Enquirer: 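Please find one structure pasted underneath; my questions will follow.
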Amino acid sequence: MPELPEVEVLRLSLARRLPGRQIARVDVRSPALREPLDRKVLRSLLAGRSIERLRRRAKYLLIDVEGGSTLVIHLGMSGRLTLIDRDQPVVAHEHLALQLDGDQRLRLVDPRRFGLAFALPSATLEDDRHFAHLGIEPLGDELDGAYLRAQARGRRGPIKTFLMDGGVVVGVGNIYASEALWRVRVHPRRSVARIGAATWQRLADAARSTLSDAIAEGGTTLNDFSDGDGNAGYFQVSLAVYGQDGKACPRCGRTIRKIVQANRSSFYCPGCQH
DNA sequence: CGTAGACCCTGCGCGC
DNA sequence: TGCGCGCAGGGTCTAC
């Protein structure tokens, strides 16, 4: 369950349910994620603590517990974090489960194992290597045309790859990079050196609005992450170009094409993106 | 230094 | 029906 909108909707949903609940037990069932789960640290920093609040940095979900520790979860490509009844059977790829007071558990399932789960003691979060090199958040007002233009100065390479560079701005994943470029009619292969100030501003606005629109849409189409089978997670938003190759561009009618950049698929309309 | 490509891993859908 | 292939929304590392 990757892109930022899913993580943000998940955060909002869990923020209504988890604060005040106590983590009765921490079960590491299968430690093999991108980095091995550390059962000892997870237990010592989380077990017996109450959950205080949920935050997000980039696509990392941050679950703060009393005493200042934080459980950090990244869902990678295929991770799902769901709140389920305690008596639901353990499923394949259930790597981590937090048994909560009451009768529920919060479980992390991740077949492809690109996800992460680790715990940090207080105050070390921004120093942690996972966060140290991250760029700005895309939803706040830090992201504007001047910032992107300054970051792109002296760089080459295509705009699509640049938008997905987490050292510049976090959270613009493969879907929303294509969607944002379609909104501003910029071809994904256009060099960052050939983008003017006004277009940088439109790009910044498009990146933010593409993400926030998806969050709004996801928040309405998906309002419950605690369904019985634990399959909630992805939500489908209306996409103009992503995955639409062969179909007609909703703006100009030309056929949407698919290309590969940096080993990722990009989708664009050859009629109205230049 | 920045950039391009390989790579990590499993599951699914498609074409044959 | 069965099988092999390509592909998947994440990030990181290495080689140039």
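All of these numbers come straight from a predicted model, not from anything done at the bench. Letters A, B, ... mirror the listed sequences (proteins, then strands); counts begin at 1.
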Enquirer: Within this structure, what is the CD1-to-P distance between A/Ile73 and C/dG11, rounded to whole angstrom?
Expert: 16 Å
Enquirer: Taking B/dG11 as the reference, what is the distance to C/dT12 when you measure between their P atoms (whole Å, please)?
Expert: 24 Å
Enquirer: Could I get a table of every N or O pair under 3.5 Å where one atom is in the protein and the other is in nucleotides 9-13 of chain B?
Expert:
| residue | atom | partner | partner atom | Å |
| --- | --- | --- | --- | --- |
| B/dC9 | O3' | A/Arg113 | NH2 | 2.8 |
| B/dC9 | O2 | A/Arg112 | NE | 2.9 |
| B/dC9 | N3 | A/Arg112 | NH2 | 3.4 |
| B/dT10 | OP1 | A/Arg113 | NH2 | 2.3 |
| B/dT10 | O4' | A/Pro111 | O | 3.4 |
| B/dT10 | O3' | A/His93 | NE2 | 3.3 |
| B/dG11 | OP1 | A/His93 | NE2 | 2.8 |

Enquirer: With side chains defined as the heavy atoms from C-beta onward, is the minimum distance between A/Leu108 and A/Leu75 less than 4.5 Å?
Expert: yes
Enquirer: When the distance from CZ of A/Arg153 to C1' of B/dG2 is rounded to whole Å, what number comes out?
Expert: 17 Å
Enquirer: Taking the side chain as every heavy atom from C-beta outward, state whether A/Val241 and A/Cys249 have any pair of such atoms under 4.5 Å apart.
Expert: no
Enquirer: Starting from P on C/dT12, measure out to CG on A/Asp165 and report it in whole angstrom.
Expert: 11 Å
Enquirer: With sugar-phosphate meaning primed atoms plus P, OP1 and OP2, does A/Asn263 contact a base, only sugar-phosphate, or nothing at under 4.0 Å between heavy atoms?
Expert: base
Enquirer: Distance check needed: B/dT3 P versus A/Met164 CE, whole Å only.
Expert: 15 Å
Enquirer: Let me know which of A/Arg49, A/Arg53, A/Arg11 forms a salt bridge (Lys or Arg N to Asp or Glu O under 4.0 Å) with A/Asp64.
Expert: A/Arg53
Enquirer: 5'-most contact on DNA chain B: A/Ala262 or A/Gly154, nearest heavy atom basis?
Expert: A/Gly154
Enquirer: Counting any heavy atom closer than 4.0 Å, what does A/Arg156 reach on the DNA or RNA strands: base, sugar-phosphate only, or nothing?
Expert: sugar-phosphate
Enquirer: Do NZ/NE/NH1/NH2 and the carboxylate oxygens of A/Asp128 and A/Arg57 come within less than 4.0 Å?
Expert: no
Enquirer: Parallel, tilted or perpendicular: which fits the ring planes of A/Phe118 and A/Phe131, with parallel below 30° and perpendicular above 60°?
Expert: tilted
Enquirer: Any idea which of C/dG11, B/dA6, C/dA8 is nearest the A/Lys59 side chain?
Expert: C/dG11
Enquirer: Decide yes or no for A/Gln261 and A/Pro188: does some side-chain heavy atom of the first lie under 4.5 Å from some side-chain heavy atom of the second?
Expert: yes
Enquirer: Quick one: is B/dC1 close enough that its OP1 or OP2 comes under 4.0 Å of any side-chain N or O from A/Arg155?
Expert: no
Enquirer: Stepwise, does the side chain to side chain donor-acceptor pair (under 3.5 Å) test hold for A/Thr210 with A/Glu179?
Expert: CA-CA 7 Å; A/Thr210 307; A/Glu179 292 295 312; over 6 Å; no
Enquirer: Parallel under 30°, tilted from 30 to 60°, perpendicular over 60°: which one fits the rings of A/Tyr268 and A/His187?
Expert: tilted
Enquirer: In whole angstrom, give the distance that lies between atom CZ of A/Arg57 and atom C1' of C/dG10.
Expert: 16 Å
Enquirer: Can you tell me the distance, in whole Å, between the CE atom of A/Met77 and the C1' atom of B/dC7?
Expert: 12 Å
Enquirer: Compare the minimum distances between each of C/dT12, C/dG10, B/dA4 and the side chain of A/Tyr60, then state the nucleotide with the smallest one.
Expert: C/dT12
Enquirer: Without decimals, in angstroms, what is the distance between A/His130 NE2 and C/dG10 P?
Expert: 17 Å
Enquirer: Would you call A/Thr70 and A/Leu45 a side-chain contact if the rule is heavy atoms closer than 4.5 Å?
Expert: no
Enquirer: How does DNA chain C look in dot-bracket form if you count Watson-Crick and G-U pairs under 3.5 Å, write [ ] for pairs that cross, and put | where a base pairs with another strand?
Expert: .|||||||.|||||||
Enquirer: Whole Å only: how far is the CD atom of A/Gln261 from the P atom of B/dA4?
Expert: 9 Å
Enquirer: If you compare every side-chain N and O of A/Lys160 against the phosphate oxygens of B/dA4 (OP1, OP2), does one of them come in below 4.0 Å?
Expert: no
Enquirer: Please say which of A/Gln88, A/Arg21, A/Arg86, A/Arg17 ends up in a side chain to side chain donor-acceptor pair (under 3.5 Å) with A/Gln104.
Expert: A/Arg21
